[in-house]
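Contents: one structure, followed by commentary.
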There are 2 protein chains.
Amino acid sequence: MNQVRQASDENALKGTTYTIGELAREFDVTTRSIRFWEDQGLLSPIRIGSKRLYRRRDRARLKLILRGKRLGFTLSEIRETFVLYDQAHGESRQLRYYLGVLEEKRRQLMRQRQDLEDALDELSQSYEHCRQLLREQEERETSTNESVSNG
Amino acid sequence: MNQVRQASDENALKGTTYTIGELAREFDVTTRSIRFWEDQGLLSPIRIGSKRLYRRRDRARLKLILRGKRLGFTLSEIRETFVLYDQAHGESRQLRYYLGVLEEKRRQLMRQRQDLEDALDELSQSYEHCRQLLREQEERETSTNESVSNG
DNA sequence: GTTATCGTTGACGTAAACGTAACATATAAA
DNA sequence: TTTATATGTTACGTTTACGTCAACGATAAC
């Protein structure tokens with residue numbers, strides 16, 4: 001009877017839920033990582049019996065986690081944004097505080113963007129320089145071949 | 001006599017050299033970190049006696065290290081770029097390989113830029129939403145005050 | 001001359017972010 | 001029914017990137 005109940009619960013949620021394995025495959029992370037992020041308060045899937053079930057909201061958060069990590073944020077920084085976002089529907093003092101945090105995050109991201117543009121600039125300079133060297137190399141090789149075939 | 005020799009060496013390099021402490025203050029990092037990055041092959045200052053002396057090239061690398069870190073690269077990834085850059089004046093095979101690596105780095109940075117733009121977009125949406133809520137709050141408070149002063 | 005400052009090496013400690021191993025349970029497939 | 005596969009918990013291991021002493025040498029300031 002318990003098992004029947006569980007099955008119907010699962011069916012009632014079907015279509016917008018994922019197992020831990022599905023998410024792990026989709027985003028190419030280990031299930032261990034997903035559970036770890038839950039431990040750290042970044043995810044809160046519902047439970048069907050002992051199993052975790054992830055809904056759209058959890059999936060969205062997973063995306064945010066991965067993006068945050070790619071941008072070099074720590075897990076606790078990422079969690080902080082979640083917590084703030086959840087709390088930001090309260091009184092004006094909370095809202096003001098949240099606005100301040102958002103501005104700080106923005107400054108951080110803007111700085112990162114500048115770093116990124118600088119890095120991309122330097123990269124394309126290196127690229128051009130490298131191609132130039134390569135052209136010179138190939139010219140030399142060509143002329144060597146000619147002198148060989150002419151000799 | 002040894003000491004006199006050292007002093008003149010230092011003078012001969014003056015104007016474009018830095019001590020470890022100077023760099024640490026300028027970039028707001030610890031001397032421990034700077035020595036650690038040297039251990040990891042990211043820096044190679046010259047020695048005057050037992051002391052390290054950093055030249056313009058070292059300072060430039062320090063900047064690159066810090067930028068790389070802000071962008072979320074590991075120390076070995078950063079070192080890799082240094083090594084490649086130093087080797088990239090060789091034969092055409094090396095050059096081709098280097099070009100490939102550069103393209104890979106570029107893809108990585110482009111992805112990061114996309115992440116960054118996405119994050120900035122969401123951030124400003126949050127920001128606007130938050131300000132909207134705040135305006136509503138304040139309107140309510142104002143009307144409350146009016147009804148008080150009118151009562 | 002000693003006190004303070006700056007620098008050196010070396011060893012050990014630590015927080016973050018997982019990986020790995022061990023073992024249990026549950027469900028699907030053969 | 002056995003086997004394979006997915007999932008769960010717990011505990012310990014590992015890597016990265018430093019921090020934190022400790023113990024010492026050289027140099028400048030008083």
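In the text below, chain A, chain B and the rest are named by the order of the sequence lines, each starting its count at 1.
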How many Å lie between [atom1] on [X] and [atom2] on [N], as a whole number?
{"X": "F36(A)", "N": "dA21(C)", "atom1": "CZ", "atom2": "C1'", "value": "18 Å"}
{"X": "W37(B)", "N": "dC18(D)", "atom1": "CH2", "atom2": "C1'", "value": "9 Å"}
{"X": "I48(A)", "N": "dA26(C)", "atom1": "CD1", "atom2": "C1'", "value": "15 Å"}
{"X": "L43(B)", "N": "dC18(D)", "atom1": "CG", "atom2": "P", "value": "12 Å"}
{"X": "D28(A)", "N": "dC18(C)", "atom1": "CG", "atom2": "C1'", "value": "15 Å"}
{"X": "E38(B)", "N": "dT8(C)", "atom1": "CD", "atom2": "C1'", "value": "11 Å"}
{"X": "I34(B)", "N": "dC18(D)", "atom1": "CD1", "atom2": "P", "value": "11 Å"}
{"X": "D39(B)", "N": "dT9(C)", "atom1": "CG", "atom2": "C1'", "value": "10 Å"}

*asked:* When you compare the side chains of D118(B) and Q114(B), does any donor N or O come within less than 3.5 Å of an acceptor on the partner?
replied: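 Checked: D118(B)/Q114(B) side chains pair up, N/O donor to acceptor below 3.5 Å.
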*Is there a donor-acceptor contact under 3.5 Å linking the side chains of R135(A) and Q132(A)?*
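There is such a pair (donor and acceptor under 3.5 Å, judged by atom type) between the side chains of R135(A) and Q132(A).
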*Can you tell me if Q40(A) uses its side chain to pair, donor with acceptor, with the backbone of L75(A) under 3.5 Å?*
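No; zero donor-acceptor contacts below 3.5 Å.
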*Could you write nucleotides 6-13 of chain D as a row of B, S and -, 5' to 3', where a protein heavy atom under 4.0 Å of any base atom gives B, of only sugar-phosphate atoms gives S, and otherwise -?*
-SSB-B--
*Compare side-chain N and O positions of S33(A) against OP1 and OP2 of dG19(C) and report whether any pair is under 4.0 Å apart.*
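Indeed, a polar side-chain atom of S33(A) lies that close.
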_The test is side chain to side chain contact (heavy atoms under 4.5 Å, CB included); show your working for R79(A) and S76(A) and say whether it passes._
CA-CA 5 Å; R79(A) 178 183 48 219; S76(A) 46; 3.2 Å; yes
*Under the side chain to side chain contact (heavy atoms under 4.5 Å, CB included) rule, what do R61(B) and R57(B) come out as? Steps first, then yes or no, please.*
CA-CA 6 Å; R61(B) 288 209 159 180; R57(B) 167 200 161 92; 3.4 Å; yes
_Under the rule for salt bridge (Lys or Arg N to Asp or Glu O under 4.0 Å), what residues qualify as partners of D58(A), not counting sequence neighbours?_
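Listed in chain order: nothing, the list is empty.
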*Return the set of residues passing salt bridge (Lys or Arg N to Asp or Glu O under 4.0 Å) with E104(A) (not counting sequence neighbours), or none when no residue passes.*
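By the salt bridge (Lys or Arg N to Asp or Glu O under 4.0 Å) rule, E104(A) matches R107(A).
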*For DNA chain C, what dot-bracket results from Watson-Crick or G-U pairs at under 3.5 Å, with [ ] for crossers and | for inter-strand partners?*
||||||||||||||||||||||||||||||
Exercise answer: donor-acceptor pairs, residues 21-30 of chain B side-chain atoms, under 3.5 Å, sequence neighbours excluded:
from, atom 1, to, atom 2, distance (Å)
E22(B), OE1, T19(B), N, 3.0
E26(B), OE1, R59(B), NH1, 3.0
E26(B), OE2, R59(B), NH1, 2.3
T30(B), OG1, S33(B), N, 3.1
T30(B), OG1, S33(B), OG, 2.9

*Apply the test side chain to side chain contact (heavy atoms under 4.5 Å, CB included) to residues L64(B) and I78(B): give CA-CA distance (whole Å), side-chain angles for both, the deciding distance (0.1 Å), then the verdict.*
CA-CA 8 Å; L64(B) 290 176; I78(B) 297 171; 5.6 Å; no
*So R47(B) and E38(B), salt bridge (charged side-chain N to carboxylate O under 4.0 Å, His left out) or not? Walk me through it.*
CA-CA 12 Å; R47(B) 296 283 184 138; E38(B) 180 181 344; 3.8 Å; yes
*Where along residues 62-73 of chain B does a heavy atom fall under 4.0 Å from DNA chain D?*
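Hits under 4.0 Å, by residue number: K69(B).
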*NZ or CZ of R106(B) within 45° of Y127(A) ring axis and under 6.0 Å*: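 Output no; distance or angle outside limits.
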